[in-house]
Amino acid sequence: SANKMWGGRFAAGPDAIMEAINASIGFDQRLARQDIEGSRAHAAMLAAQGIITDSDAQAIREGLLTVLSEIDGGTFAFSTALEDIHMNVEARLKELIGEPAGRLHTARSRNDQVATDFRLWVRDQCDAAQTAIAALQRALIGQADQGADWVMPGFTHLQTAQPVTWGHHMMAYVEMLGRDASRFADARARMNECPLGAAALAGTSFPIDRAATAKALGFDRPAANSLDAVSDRDFALEYLAAASICAMHLSRLAEELVIWSSAQFRFVRMSDRFSTGSSIMPQKKNPDAAELVRAKIGRILGATVGLFTVMKGLPLTYSKDMQEDKEQVFDAADALMLALAASEGMMKDLSANPDVLRAAASSGFSTATDLADWLVREAGLPFRDAHHVTGRLVAMAEAEGKDLPDLTLAQMRTAHDAITEGVFDVLGVDNSVRSRTSYGGTAPDNVRSQIARWKQRLT
Ligand code: ARG
């Protein structure tokens, strides 16, 4: 039989395959709360403008609350024949309140309706991401606080570079996540314009008050162009872009946890709560949570590319292609929130091994730069010459299977006769990190002031 909503023009109902490809109710039921919120605001505005009666608006607004409680309570019967969340809600409203339900869709289309619902949903996700990021930052700051002066090797190319502090390494992620949070805040501010009232695409001849619905739904203002309002999905793309960058950061942190927790590194011990065992190898403790966090970028970036691909080349305004915007964003948001929560849990539970970190920092000639700097400062060598002299000493130590501080003064002096006993002061890892006092450097005092700054920012 023909469709209830547009049956006037149709003699036959849809093919089963048509119904299957067309229906979005399987996923867009996640927009139920936003849909009902938007409809309640729209009905109130219609009544305030004298477009429908107060008593109809009252019946609609109350009926919609009943529908919401049925959905929340799990008793609502979603119908694929009714295509999407918008028509499912409206059809149930009709069953509940009768004729006034048919007046709700005055001066509105599903095009501005879905654009509004989805914006509200994505806006909530921007807020949720910021909250979860702050929680992870607090866990990282907890780690930094504890080990502000624990010395560990800093790496480039995953080769020992220079000693740094555990606190400094933790705070590097706090900075990265701070940028992530600000990207979600920026995206939220830009998306906070209300499409409702753009109607199908051209606006409406009814005397609606778009400023009123925008305000009621917490938007800063109505979107200024009705064509743009119904065809724009930038807000979802910006959310996905911010989510992708954040997921990339989480993936890097997770990768470090995987490396650090290996028997070859032993920098950290992951808690049992975020590890798994092996069904065959009894000794195994695997960092599965970290590995899954490392992988989540795949689906999140995939969703980003997916939505860009759906949107590119679409003529203005709405095309049904755009129904394919939602599932990917839902999936990406779920993945991001889970990855943030797992990262927070892992970082809260993590125990670093300061002794192992320190021993690793002391090997691999990590203070060679300190030696070269000493030659510049104390013996007046140009840095390039100092670099060469130090390189010869590293080669000498390596040939003897020693570290730099184990060379004798006599051996040192064969490389340059300006070297004195004083050089040994700079070859220790503690002196090395303590000397890195330039702004943003790894000196423990610097790290402590960064921790204090971030604690302040996060309250
Ligand atoms: N379910 C649709 C979507 O998700 C709602 C908008 C339908 N509009 C239309 N003109 N068919 O995009």
Side-chain angles (χ1 to χ4, degrees), residues 132-177 246-297 337-364 366 403 429-430 432-433 442 444 447-448 450-451 454-455:
I133 286 170
L136 172 55
Q137 285 179 306
R138 280 188 207 99
L140 287 158
I141 289 169
Q143 288 287 343
D145 235 345
Q146 193 183 17
D149 57 5
W150 293 351
V151 181
M152 68 179 282
F155 298 94
T156 61
H157 313 264
L158 198 57
Q159 308 288 319
T160 299
Q162 295 176 355
V164 297
T165 55
W166 173 254
H168 200 48
H169 200 114
M170 293 297 110
M171 294 308 288
Y173 282 101
V174 172
E175 292 289 333
M176 292 147 79
L177 289 160
C246 182
M248 176 272 290
H249 290 150
L250 299 182
S251 183
R252 295 180 75 171
L253 174 61
E255 166 70 354
E256 299 213 293
L257 293 177
V258 170
I259 295 173
W260 292 348
S261 63
S262 68
Q264 289 69 26
F265 269 76
R266 291 198 310 111
F267 282 10
V268 299
R269 212 173 52 77
M270 306 273 288
S271 76
D272 290 355
R273 304 194 318 145
F274 286 94
S275 308
T276 58
S278 158
S279 55
I280 175 168
M281 298 166 283
Q283 86 285 8
K284 288 283 263 180
K285 187 168 144 189
N286 294 327
D288 291 39
E291 293 168 286
L292 288 161
V293 169
R294 187 172 59 182
K296 290 295 182 195
I297 174 79
M337 293 308 290
L338 203 46
L340 283 166
S343 300
E344 184 202 350
M346 287 190 290
M347 294 317 296
K348 266 188 180 155
D349 280 16
L350 192 73
S351 15
N353 298 324
D355 298 340
V356 177
L357 292 172
R358 200 188 158 74
S362 308
S363 70
S366 66
D403 279 319
V429 292
D430 292 299
S432 174
V433 296
T442 196
V447 173
R448 285 191 194 94
Q450 290 299 325
I451 292 171
W454 271 105
K455 278 185 177 169

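Predicted, not measured: the structure shown is a model, and the values here were computed from it. Positions are given from 1 along the sequence.
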Counterpart residues, side chain to side chain donor-acceptor pair (under 3.5 Å), relative to D149 (two or more places apart): R448

Q143 side chain to M347 backbone, donor-acceptor under 3.5 Å: yes

Test: side chain to side chain donor-acceptor pair (under 3.5 Å). Region: residues 287-296. Which pairs qualify, not counting sequence neighbours? E255-R294, T276-D288

Close side-chain approach of L140 to L136, heavy-atom, < 4.5 Å: yes

Hits for side-chain contact (heavy atoms from CB on, under 4.5 Å) against I280, two or more places apart or cross-chain, chain-then-number order -> S278

The criterion is side chain to side chain donor-acceptor pair (under 3.5 Å); which residues satisfy it with W260, sequence neighbours excluded? none

Minimal non-hydrogen separation, G364 against D403, with atom names: N-OD1, 3.9 Å

Measure the NE2-CH2 distance between H169 and W150 for me, rounded to the nearest 0.5 Å. 14.0 Å

Which heavy atom of A148 sits nearest a heavy atom of T165, and at what distance? O-CB, 3.3 Å

Heavy-atom pair with the smallest gap, counting every atom of S271 and D349: OG-OD2, 2.8 Å

Residues which pass side chain to side chain donor-acceptor pair (under 3.5 Å) with S366, listed by chain and number, not counting sequence neighbours: none

Only one of T160, I259, V164 forms a side-chain contact (heavy atoms from CB on, under 4.5 Å) with F155, so which one is it? T160

side-chain contact (heavy atoms from CB on, under 4.5 Å) partners of A342, counting only residues at least two apart: V293

Atom CG in L340, atom NE2 in H249: separation rounded to 0.5 Å? 12.0 Å

Indicate the ring-plane relationship of F267 and F265, choosing parallel, tilted or perpendicular according to the 30° and 60° boundaries. perpendicular

Working note: S362 + V151, criterion side chain to side chain contact (heavy atoms under 4.5 Å, CB included); need CA distance, chi angles, decisive distance, verdict. CA-CA 9 Å; S362 308; V151 181; over 6 Å; no

Any pair counted as salt bridge (Lys or Arg N to Asp or Glu O under 4.0 Å), so long as it reaches residues 151-166, sequence neighbours left out: none

Please list, chain by chain and in numerical order, all residues satisfying salt bridge (Lys or Arg N to Asp or Glu O under 4.0 Å) with D272, sequence neighbours excluded. K285

To the nearest 0.5 Å, atom CD1 of I133 lies from atom SG of C246 at 4.0 Å

Do any N or O atoms from the side chain of S251 and from the backbone of A247 form a donor-acceptor pair under 3.5 angstrom? no

Verify, without hydrogens or angle tests, whether T442 (side chain) and V433 (backbone) share a donor-acceptor contact under 3.5 angstrom. no

Where A361 and M152 come nearest, the two heavy atoms and their spacing: CB-C, 3.4 Å

Among residues at least two apart in sequence or on other chains, which ones pass side chain to side chain donor-acceptor pair (under 3.5 Å) with Q137? none

Return the set of residues passing side-chain contact (heavy atoms from CB on, under 4.5 Å) with A290 (not counting sequence neighbours), or none when no residue passes. A254, L257, V258, M270, P287, M346

Point-to-point distance, once rounded to the nearest 0.5 Å, from CG of L177 to CD1 of I141: 10.0 Å

From CZ (R358) to CG (D430), nearest 0.5 Å: 4.0 Å

Partners meeting salt bridge (Lys or Arg N to Asp or Glu O under 4.0 Å) with K455 (sequence neighbours left out): D145

Under the salt bridge (Lys or Arg N to Asp or Glu O under 4.0 Å) rule, collect the residues that match up with E256, sequence neighbours excluded. none

Minimum heavy-atom separation for A352 and P354, please, with both atom names. O-CD, 3.2 Å

I need the W166 CH2 to N353 CG distance, nearest 0.5 Å. 9.0 Å

